[in-house]
Visitor: 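What follows is a structure written as structure tokens; I'll ask about it next.
Remember, predicted model here, so these are calculated numbers, not experimental data.
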Number of protein chains: 2
Amino acid sequence: MSMKKGTKLKAVDKAQLGAFARLRRSLREVLAQSEEICIAHELTAQRFQALLAIETAGEPISVGDLASELILKHHSAVELADRLAQAKMIERIADKQDKRRVLLRLTPLGAQRLHGAAAAHLESLERLHETLTASLQSVKSSG
Amino acid sequence: MSMKKGTKLKAVDKAQLGAFARLRRSLREVLAQSEEICIAHELTAQRFQALLAIETAGEPISVGDLASELILKHHSAVELADRLAQAKMIERIADKQDKRRVLLRLTPLGAQRLHGAAAAHLESLERLHETLTASLQSVKSSG
DNA sequence: CCTCGATATATCGTACCACGATAAAAGATA
DNA sequence: TATCTTTTATCGTGGTACGATATATCGAGG
């Protein structure tokens, strides 16, 4: 970092930019395929990940915990929980210890959707892995 | 696939589900950080990727080409182009050869934003690479 | 006990993004 | 010319996320 303007970053050359574009494109492909699998299981990607977070948490998870796990603001998690509850995939349970908190739990429907979508995702994991590692490698070597 | 119900997938065990949850969490971290960098450069992630696609295409790119590159429906690309044009980051140019087509080109402002954000992204690429490969490896080995 | 600041959840309005359905203009073809 | 296709655009809807704000509860200090 021995440049005149301390905060200025090195300019990006054409090859680097192209490789980076291909990485982003790969990422989009991965997410598009995931979205497709989710839709096939009557889920959106966000709802799938929310169910995943709720299910894999060791203990009952609160709305705030969900926000933290999904890197969201609290109220965004509230809204996500609203939609999931309306779709009968989760239930809100009052926390006996701390009456401010609301715990979230999967319904049988939610669990069924989650496990179906997760299994389908894992089926295509191999290709995902190859796609991503190749793109990552390509960007690194172009730098 | 020697199971009674041909289309039924293998059930996912707890360890696998947990590893997969961590992979999705890593992916979210990567996207959240990217979003943050984009915001700092007065972009959203979608606009950044659109600019990237337009800039790295060899020749002038049309709305339809953009849709294809971003894995979007045509009209979603139209809307994205609308927002980018309104923000003065791209220009629409009528195609002389085929008057149905509209070509997209970066403005100096768009190019500046793109290169700034791209440079910032590449700065943090090393960490991104480690995060993702570790998570991918973890899921694979849990399967 | 009571107030006060912090924490947890919820609500409201706004914006971005993406889609299906539909339309209009221009090219391609019979 | 008439028709079919391609390309772009418009309209209405829904999912997601945010900032600002509100309400309830908890916990600490007086």
Visitor: Would you kindly check whether a donor in the side chain of B:Arg100 faces an acceptor in the base of D:dT8, or vice versa, at under 3.5 angstrom?
Guide: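 Checked by distance alone, the answer is no.
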
Visitor: Do the ring centers of A:Phe48 and A:His41 come within less than 6.0 Å of each other?
Guide: no

Visitor: So, is A:Ser62 close to the C:dA8 phosphate, meaning a side-chain N or O under 4.0 Å from OP1 or OP2?
Guide: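 For A:Ser62, the contact criterion (side-chain N or O under 4.0 Å from OP1 or OP2 of C:dA8) is not met.
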
Visitor: Do the non-hydrogen side-chain atoms of B:Leu70 and B:Gln49 ever get within less than 4.5 Å of each other?
Guide: yes

Visitor: Below 4.0 angstrom from OP1 or OP2 of C:dT9, is there any side-chain N or O of A:Arg92?
Guide: no

Visitor: Within the structure provided, determine whether A:Leu104 and A:Glu91 are in side-chain contact (heavy-atom separation under 4.5 Å).
Guide: no

Visitor: Nearest whole Å is fine: how far is C:dC17 P from B:Phe48 CZ?
Guide: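 Rounded to whole Å, this separation is 14 Å.
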
Visitor: Specify the separation, in whole Å, of atom CG of A:Leu43 and atom P of D:dG14.
Guide: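 Whole-Å distance recorded here is 19 Å.
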
Visitor: Looking at A:Ala134, is its backbone amide N or carbonyl O close enough to the side chain of A:Ser138 to form a donor-acceptor pair, meaning the two atoms are under 3.5 Å apart?
Guide: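 Not at all, since once roles are kept as given, no pair shorter than 3.5 Å links the two residues.
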
Visitor: DNA chain D: A:Glu79 or B:His74, which has the more 5' nearest nucleotide?
Guide: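 Whichever sits nearer the 5' end wins; that is B:His74.
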
Visitor: Considering only C:dA10, D:dT8, D:dG19, which nucleotide approaches the side chain of B:Val78 most closely?
Guide: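 For B:Val78, the side-chain atoms sit closest to D:dT8.
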
Visitor: Counting only side-chain nitrogens and oxygens, does A:Thr44 get under 4.0 Å of the OP1 or OP2 atom of D:dG15?
Guide: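 For D:dG15, neither OP1 nor OP2 has a side-chain N or O of A:Thr44 closer than 4.0 Å.
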
Visitor: Is the distance from OP1 or OP2 of C:dC16 to the nearest side-chain N or O of B:Arg47 less than 4.0 Å?
Guide: yes

Visitor: If I take atom CG in residue B:Leu72 and atom C1' in nucleotide D:dG15, what distance separates them, rounded to the nearest angstrom?
Guide: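 It is 15 Å, rounded to the nearest whole Å.
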
Visitor: Would you kindly give the CG-to-P distance between B:Asp95 and C:dA25, to the nearest whole Å?
Guide: 18 Å

Visitor: State whether B:Arg83 places a side-chain N or O below 4.0 Å from either non-bridging phosphate oxygen (OP1 or OP2) of C:dC17.
Guide: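 The answer is yes; a side-chain N or O of B:Arg83 sits under 4.0 Å from OP1 or OP2.
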
Visitor: Given 3.5 Å as the limit, does a donor-acceptor pair link the side chain of B:Ser68 with the main chain of B:Gly64, or not?
Guide: no

Visitor: Whole angstrom is fine here: how far is it from CZ in A:Arg101 over to C1' in D:dG27?
Guide: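 Rounded to the whole Å, the gap is 15 Å.
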
Visitor: Would you mind telling me which residue lines up with the more 5' stretch of DNA chain D, B:His75 or A:Gln46, judged by nearest nucleotide?
Guide: B:His75

Visitor: Whole angstroms only, please: what is the CG-P distance between A:Asp98 and D:dT25?
Guide: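 Going from A:Asp98 (CG) to D:dT25 (P), I get 10 Å.
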
Visitor: Return the value, rounded to whole Å, for the distance between atom CD of B:Gln97 and atom P of C:dA28.
Guide: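 In whole Å, C:dA28 P lies 11 Å from B:Gln97 CD.
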
Visitor: Rounded to whole angstroms, how far apart are CG on A:Asp82 and C1' on C:dA10?
Guide: 8 Å

Visitor: Would you please confirm or rule out a distance under 4.0 Å between OP1 or OP2 of C:dA18 and any side-chain N or O of A:Arg28?
Guide: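 Yes, such a contact exists.
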
